[in-house]
> 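Could you have a look at this structure, given as structure tokens, before my questions?
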4 protein chains.
Amino acid sequence: MDFNDKQKQIIETAEQLFADRGFEGTSVRDIAEEAGINVAMISYYFGSKEKLLEALFSYRAGDTVQQLEGMIHHKVLAPLEKINLMIDFYINKFQRQQCFFKIMMREQVASQHGVTSGLIQHFKKRNQQLVKQLIQEGQKTGEFSKNIDVPVLMATLIGTTGHLMATQHFYREINHLQEMPDEQFQKLIKKKLSVHLKFLFKAILTHEI
Amino acid sequence: MDFNDKQKQIIETAEQLFADRGFEGTSVRDIAEEAGINVAMISYYFGSKEKLLEALFSYRAGDTVQQLEGMIHHKVLAPLEKINLMIDFYINKFQRQQCFFKIMMREQVASQHGVTSGLIQHFKKRNQQLVKQLIQEGQKTGEFSKNIDVPVLMATLIGTTGHLMATQHFYREINHLQEMPDEQFQKLIKKKLSVHLKFLFKAILTHEI
Amino acid sequence: MDFNDKQKQIIETAEQLFADRGFEGTSVRDIAEEAGINVAMISYYFGSKEKLLEALFSYRAGDTVQQLEGMIHHKVLAPLEKINLMIDFYINKFQRQQCFFKIMMREQVASQHGVTSGLIQHFKKRNQQLVKQLIQEGQKTGEFSKNIDVPVLMATLIGTTGHLMATQHFYREINHLQEMPDEQFQKLIKKKLSVHLKFLFKAILTHEI
Amino acid sequence: MDFNDKQKQIIETAEQLFADRGFEGTSVRDIAEEAGINVAMISYYFGSKEKLLEALFSYRAGDTVQQLEGMIHHKVLAPLEKINLMIDFYINKFQRQQCFFKIMMREQVASQHGVTSGLIQHFKKRNQQLVKQLIQEGQKTGEFSKNIDVPVLMATLIGTTGHLMATQHFYREINHLQEMPDEQFQKLIKKKLSVHLKFLFKAILTHEI
DNA sequence: AATGAATGAGAATTCATTCAT
DNA sequence: TATGAATGAATTCTCATTCAT
């Protein structure tokens with residue numbers, strides 16, 4: 001999908017507000033005001049508030065899985081190294097697109113009737129497919145154990161990352177890091193998550209315990 | 001807090017709708033209709049929609065931590081066994097109160113200005129305190145490794161459980177379990193999570209890898 | 001259908017405005033203002049603007065045909081006298097409910113997709129059925145000619161009455177009757193139409209020409 | 001008034017939509033879309049939506065009366081034959097310009113404040129004048145009765161024709177003619193009306209009853 | 001001459017809450 | 001204690017029109 005500059009501006013403003021207040025908790029007036037545009041422009045460019053959300057999804061989630069696929073398939077790496085690559089890819093995505101992932105987390109919790117549930121479903125399926133392949137590679141070489149439950153594994157990656165990101169203010173507080181510059185804090189949290197999740201994945205996949 | 005039967009009925013109806021459609025996505029009319037009561041009763045009993053949400057939180061989250069504390073302190077168990085007890089306690093809570101936890105997950109993602117964020121914050125702090133104590137016990141006896149990051153650990157427990165619970169329809173679909181009776185499916189998912197998380201916690205806490 | 005006083009007040013206000021400005025040309029704000037009530041009351045009582053129009057139709061057109069049937073069947077009259085009774089009944093209805101019939105005339109012209117077209121259709125069918133019976137009575141006794149086209153006949157009655165009523169301001173002007181009190185003018189126009197249409201009907205039905 | 005091709009195209013598209021949905025029920029966007037032109041062109045060419053309606057009236061109603069006058073005055077015919085000519089002229093006009101006459105019927109019902117009411121008024125006056133002359137001719141020769149109410153007579157012609165045309169779908173249905181090709185149906189209805197109205201006019205004008 | 005972008009005003013409707021009883 | 005009626009504010013969206021090009 002191609003969006004012009006004004007559309008991008010609206011989408012990005014909406015993203016921040018949706019992340020902060022939820023889709024229903026954000027009015028088109030709020031978005032228009034924040035973006036410094038006329039309310040009618042949202043209908044003009046996207047048709048409706050719902051279609052703006054869809055546009056946001058296609059803007060953000062567009063090629064995430066493709067990127068991941070490209071990254072993993074075109075490198076010559078041991079299976080576990082590919083898994084680690086994927087872990088870092090996810091953490092990075094999550095961190096760079098925190099607003100979008102907050103929205104996704106919320107939408108995921110909601111009932112399955114919304115406009116986004118189909119998109120998320122599709123996205124998740126392709127992603128699980130890819131991870132399954134990676135794991136099967138490792139199982140063929142004997143490096144990985146049998147009986148790996150991919151959805152549970154991915155729930156660990158996404159659930160842990162999402163939860164820590166979403167509650168990072170709490171993490172700061174409990175560790176008395178309120179004064180740390182955000183850039184530094186993001187690096188810290190990324191490192192923490194990376195080490196933690198790679199350790200967990202290795203434990204599960206290789207069962208060396 | 002004491003709630004009479006009508007209040008409980010309202011709270012429980014609201015809980016289901018909030019879980020399904022979000023707080024902002026649910027109108028007091030929806031709640032009143034679903035609960036078979038008059039719209040005015042919600043303002044009458046709780047003052048406002050926001051205060052109904054607060055009431056829901058105090059109704060559900062009231063003594064969770066106390067229950068956990070009681071359960072753990074009054075048993076003579078090895079540190080890891082206590083940790084395992086806590087893991088199962090959480091999974092059980094989550095599973096029995098899926099609606100409430102869906103709401104909490106959403107609210108947690110939101111900005112820190114809502115009425116619930118204070119309550120959640122408080123709840124989380126007490127809980128992390130408790131886990132910290134449990135871990136320190138294990139560290140004293142030498143069973144647990146040093147340098148355990150409690151918030152990251154808890155993010156793993158809560159994030160993974162929450163994510164899997166929230167996306168259970170997807171888990172059913174990907175494993176072709178759409179026809180399985182819900183009771184059986186809940187048992188299955190609980191067992192899966194229990195084994196998975198206990199394994200992860202042991203790996204992290206004992207570092208035997 | 002039962003309507004309370006407030007509902008009747010809204011319906012009657014809406015009727016006048018719809019007659020004057022058309023359905024689409026009248027806003028719920030206009031109605032609310034004119035009726036001296038809050039805008040939200042219209043949604044509250046009727047659900048929507050469209051349903052208000054439906055309510056108006058069931059309020060006005062409810063038992064028109066029934067009244068006519070009762071009136072005609074329970075009298076012992078010659079066929080032509082029954083026809084004359086019907087003509088006067090229509091003229092009277094039209095005159096007493098000018099606003100409503102203006103709305104009906106407009107809706108009748110519109111495409112057949114609106115909410116009212118079904119109601120009008122139904123109303124027209126029952127009515128034509130009744131007239132057909134009356135005419136067949138006259139045909140059995142030999143008083144009326146064969147080959148009477150009922151829809152064309154009714155188009156003459158309704159079309160002529162409707163047109164003259166709708167353009168009565170023009171009739172006043174062309175006959176220099178602008179100063180005549182409305183009551184008197186209505187009587188005049190009613191008499192004119194009555195004589196005119198009875199003459200036409202007699203001519204067509206008895207073919208004495 | 002002179003209209004270029006594009007203007008004519010817009011006018012004719014607007015005519016169809018106004019006839020179907022009413023003036024207020026049609027948006028300039030609808031017209032633009034249907035006509036395959038830019039929304040701004042309507043304002044550009046006509047100034048406003050209202051002025052487009054005025055343009056439509058001057059486009060259609062322009063020389064109708066002149067045509068009728070020319071037709072009647074330049075023929076040497078008996079008064080009743082001239083009347084019959086006029087009846088057919090009207091039926092033909094109505095049938096060939098159904099959309100336009102639907103609009104006129106609606107506008108005629110409306111309050112006398114619209115942009116079109118003046119135009120319609122003017123048109124009607126000239127027309128009644130002409131008919132009056134025709135009738136006076138007949139009265140002078142003794143062929144026509146005295147005391148003919150011209151507006152009532154014209155209401156019969158216009159009201160009956162308009163009503164039958166506007167409800168032709170109903171006429172088809174009641175006579176089980178849904179499958180008849182439109183061309184054939186239009187001929188049928190024209191013939192029916194012609195015979196019917198000529199009979200009625202003769203009856204009234206010559207009073208041979 | 002023609003148009004895509006933009007807009008303020010107004011549309012219908014829903015909202016949480018209050019009021020009178 | 002409980003509620004049907006009522007309402008002002010806010011919701012999303014559409015409207016006819018204008019502007020810059």
Side-chain angles (χ1 to χ4, degrees), chain A residues 4-7 10 23-33 35-53, chain B residues 4-7 10 14 23-33 36-53, chain C residues 4-7 10 23-33 35-53, chain D residues 4-7 10 14 23-33 36-53:
Chain A
N4 63 37
D5 286 352
K6 201 137 227 166
Q7 285 176 309
I10 296 169
F23 177 73
E24 316 271 359
T26 307
S27 78
V28 290
R29 278 192 152 86
D30 294 339
I31 300 167
E33 208 168 308
I37 51 138
N38 189 285
V39 238
M41 293 240 47
I42 287 161
S43 291
Y44 177 69
Y45 272 127
F46 301 96
S48 71
K49 193 185 164 190
E50 273 214 332
K51 285 194 187 138
L52 168 58
L53 182 61
Chain B
N4 66 36
D5 286 352
K6 204 138 227 168
Q7 285 176 308
I10 296 169
F23 176 74
E24 315 272 358
T26 306
S27 76
V28 291
R29 281 197 137 74
D30 293 339
I31 300 167
E33 206 170 310
I37 51 133
N38 189 282
V39 235
M41 287 205 58
I42 287 161
S43 292
Y44 178 67
Y45 272 130
F46 301 97
S48 74
K49 192 186 165 190
E50 275 215 329
K51 286 194 185 136
L52 167 58
L53 182 60
Chain C
N4 64 36
D5 286 352
K6 201 135 230 168
Q7 284 176 309
I10 295 170
F23 177 74
E24 316 271 0
T26 307
S27 77
V28 291
R29 277 192 151 87
D30 295 338
I31 300 167
E33 207 169 309
I37 50 138
N38 188 285
V39 240
M41 293 240 47
I42 286 161
S43 291
Y44 178 67
Y45 272 128
F46 301 97
S48 72
K49 193 185 165 191
E50 274 215 329
K51 285 193 185 140
L52 169 57
L53 182 61
Chain D
N4 64 38
D5 286 352
K6 203 138 225 168
Q7 284 176 308
I10 295 170
F23 176 73
E24 315 273 359
T26 306
S27 77
V28 291
R29 283 200 137 74
D30 294 338
I31 300 167
E33 206 170 310
I37 51 133
N38 189 282
V39 235
M41 287 205 60
I42 288 161
S43 292
Y44 178 67
Y45 271 130
F46 301 96
S48 73
K49 193 187 166 190
E50 277 215 327
K51 287 195 184 136
L52 168 58
L53 182 61

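Reckoned from all heavy atoms, side chains included, excluding hydrogens, waters and symmetry mates. Letters A, B, ... are given to chains in the order of the sequence lines, protein chains preceding strands, and every chain is numbered from 1.
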> Given F:dG4, E:dA11, E:dA16, identify the nucleotide with an atom nearest to the side chain of B:V28.
E:dA16
> Is the distance from OP1 or OP2 of E:dA16 to the nearest side-chain N or O of B:S48 less than 4.0 Å?
no
> Which nucleotide sits closest to the side chain of B:R29: E:dA12, E:dT17, E:dT13?
E:dT17
> Please find the pair of heavy atoms, one from C:Y44 and one from B:R29, that lie closest to each other, and give the distance.
CE1-NH2, 4.5 Å
> Quickly work out the D:L53 CG to F:dA16 P distance and round it to whole Å.
13 Å
> Which heavy atom of D:T26 sits nearest to which heavy atom of D:K49, and what is that distance?
O-NZ, 2.7 Å
> Do you know which two heavy atoms are closest between B:D30 and B:G25, and how far apart they sit?
OD2-O, 4.3 Å
> Find which nucleotide of DNA chain F each of B:K6 and D:I42 is nearest to by heavy atoms, and output the residue with the more 5' nucleotide.
B:K6
> Quick one: closest heavy-atom pair of A:I42 and A:V28, and the distance?
CD1-O, 3.6 Å
> Could you let me know what E:dT21 is paired to, Watson-Crick or G-U wobble, both distances under 3.5 Å, or none if it's on its own?
F:dA2
> Looking at the side chain of D:Y44, which of E:dT13, E:dG4, E:dT3 is the nearest nucleotide?
E:dT3
> Mind calculating the distance between CG (D:L52) and C1' (F:dC15) to the nearest angstrom?
15 Å
> Could you please name the partner base of E:dA1, counting Watson-Crick and G-U wobble pairs only when both distances are under 3.5 Å?
none
> For B:Q7 and B:N4, work out which heavy atoms get closest and say how close.
N-OD1, 2.7 Å
> Nearest-nucleotide wise, let me know which of A:V39 and C:F23 is further upstream toward the 5' end of DNA chain E.
A:V39
> A:I31 has an atom CD1; how far is it from atom P of F:dC13, in whole Å?
10 Å
> Between C:M41 and A:E24, which residue's closest nucleotide on DNA chain F lies nearer the 5′ terminus?
C:M41
> Over how many whole Å does the gap from B:D30 atom CG to E:dT17 atom P extend?
14 Å
> Please check the phosphate of F:dA6 (OP1 and OP2 only) for any side-chain N or O of C:N38 closer than 4.0 Å.
no
> Base, sugar-phosphate alone, or nothing: which one does C:S43 contact when heavy atoms must sit under 4.0 Å apart?
base
> I need the CD-C1' distance between C:E33 and E:dA12, as an integer number of Å.
16 Å
> Rounded off to whole Å, could you give me the CZ-to-P distance for the D:F46 and E:dA1 pair?
15 Å
> Starting from the 5' end of DNA chain E, give me the residue, A:I37 or C:A40, whose nearest nucleotide shows up first.
A:I37
> From CD of A:Q7 over to C1' of E:dA5, roughly how many Å is that when rounded to an integer?
11 Å
> Mind checking if D:Y45 touches a base, just sugar-phosphate, or nothing, with heavy atoms under 4.0 Å?
sugar-phosphate
